[in-house]
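Please see the structure below; I have some questions.
Numbering of ligands and ligand atoms starts at 1, following listing order.
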Amino acid sequence: MKIRYFDHAATTPVRPEVIRAMVPFFENEFGNPSSLYTIGRSSRRAIDDSRDKIAKAINCNRKEIYFTSCGSESDNLIIKGIMLANKQRGKHMITSKIEHPAVLNSCKWLEKNGFDVTYLNVDNTGKISMKELKESIKDDTILISIMYANNEIGTIQQIGEIGKIANENKIIFHTDAVQAVGNVEIDVKAQNIDALSMSGHKIYAPKGVGAAYIKSGIKFEKLIEGGHQEQGQRAGTENVASIVGMGRAINLISNEFNEYNKHLRILRDFYISEIEKKIDIAKLNGDRFDRLPGNANFSFKGIDAEQLLLNLDSYGICTSAGSACTAGSAEPSHVLLSIGLKEEYIQGALRVSFGRNNTIEDVKFLIDKIKLFIEKYKE
Ligand code: PLP
């Protein structure tokens with residue numbers, strides 16, 4: 001059966017070009033990057049080359065990029081690391097109610113350890129209010145952490161505005177850009193972003209590699225003790241092949257940015273307009289305009305989205321009911337609750353996230369199968 005994959009927000013397939021770039025680092029160039037002989041030095045060079053590519057993609061200095069094992073680790077490192085290292089200056093931070101669990105649970109950990117966290121509300125499209133943000137700032141606020149784009153509903157926050165407010169108040173600004181990197185243009189200097197998290201497996205690189213950008217001069221505690229890797233701030237022998245893969249992936253996606261973005265928008269807009277035309281119980285979740293180019297999240301009122309997902313799976317179609325991180329959990333999505341959805345809309349929420357290999361024909365197939373299921377369900 002042909003697999004039609006519409007869950008790129010959960011993970012992406014690794015591109016053949018990325019695999020090809022990685023293979024030598026499993027075979028002949030397997031040296032430890034800390035070793036002084038030739039194959040060790042060539043691993044070190046490959047890591048630094050990847051660091052350059054990532055730095056270029058977000059407009060920072062290569063020394064400001066630290067490789068990690070995933071987006072979750074980057075969030076933990078930045079949030080816990082910055083708060084711990086700056087606790088003599090203050091113990092307060094601000095985040096939002098719709099962050100990924102990697103951020104929310106890092107905040108809970110901080111609260112258990114004597115820190116103070118404000119969780120901002122979002123409106124019915126998933127955006128925070130600049131007024132509430134400004135009002136939440138205290139004398140001892142060290143950090144603002146607001147995600148660039150939401151993984152469930154795709155809403156993009158006003159990052160430039162938030163960066164400006166943080167900068168004016170001398171507060172460090174972190175953004176979890178795991179869903180945004182590759183999908184929106186990011187310039188950490190122009191947007192006053194001081195720290196940013198990203199992950200390889202959302203941009204056609206492998207799982208198990210991520211990166212944290214932390215602006216020079218910002219103090220942060222390391223979370224993993226050990227050797228001197230990553231400027232002494234993240235110990236552990238580097239995952240050379242995956243780091244190389246992530247660099248190659250970001251380079252490819254940056255070079256093809258306009259074309260890729262256009263492709264995703266065409267598929268997304270076609271899907272949204274067809275669903276709205278054909279299915280009267282469908283309600284679009286998230287912001288209609290400020291949303292990720294590949295994200296469409298609809299609530300089908302009164303439908304059990306998990307049953308719909310399993311029905312689609314029987315045709316080889318992959319989608320998501322809730323986010324991948326909360327799928328399988330009995331708890332209703334904290335994101336959908338925060339945008340004020342009622343139970344019957346939360347239960348019926350299906351996220352579709354498009355990628356480079358999807359075609360309009362695939363999307364038509366998907367729409368037909370959703371329509372068929374809903375007609376039968378209504379009967
Ligand atoms: N932050 C956001 C917004 C995400 O969507 C995800 C993963 O889905 C993560 C963090 C965690 O990234 P990783 O799976 O690399 O740990």
May I ask you to say whether E256 pairs ionically with R15, meaning some side-chain N is under 4.0 Å from a carboxylate O? yes
Classify the ring geometry between Y377 and F373 as parallel (under 30°), tilted (30 to 60°) or perpendicular (over 60°). tilted
Rounded at 0.5 Å granularity, tell me how far OH in Y260 sits from CD1 in I253. 4.5 Å
Is it the side chain (CB and beyond), the backbone, both or neither of K207 that lies under 4.0 Å from ligand 1, heavy atoms counted? neither
What part of A102, side chain from CB on, backbone N/CA/C/O, both or neither, has a heavy atom under 4.0 Å from ligand 1? neither
Atoms of ligand 1, numbered as shown, that sit under 4.0 Å from any heavy atom of H201: 13 (P), 14 (O), 15 (O)
Any atoms of ligand 1 less than 4.0 Å from a non-hydrogen atom of S199? List them with their elements. 13 (P), 15 (O)
Is it the case that the ring center of F220 lies less than 6.0 angstrom away from the ring center of Y66? yes
Quick check on contacts: which atoms of ligand 1 are under 4.0 angstrom from a heavy atom of M147? 3 (C)
I need the D287 CG to N295 CG distance, nearest 0.5 Å. 11.0 Å
Ligand-residue contact atoms, ligand 1 with N151, heavy atoms, under 4.0 Å: 3 (C), 5 (O)
Are I171 and M93 in one and the same hydrophobic cluster, where Ile, Leu, Val, Met, Phe, Trp and Tyr link if side-chain heavy atoms are under 4.5 Å apart? no
Have a look at A9, G200, S72 and point out the one with the heavy atom closest to atom 16 (O) of ligand 1. S72
Near-ring test F6/F354, centroid separation under 6.0 angstrom: yes
Using a 4.0 Å cutoff against the non-hydrogen atoms of V178, which atoms of ligand 1 qualify? 1 (N), 2 (C), 4 (C), 6 (C), 9 (C), 10 (C)
Min heavy-atom dist K202 to ligand 1 below 4.0 Å: yes
What part of D75, side chain, backbone, both or neither, has a heavy atom within less than 4.0 angstrom of ligand 1? side chain
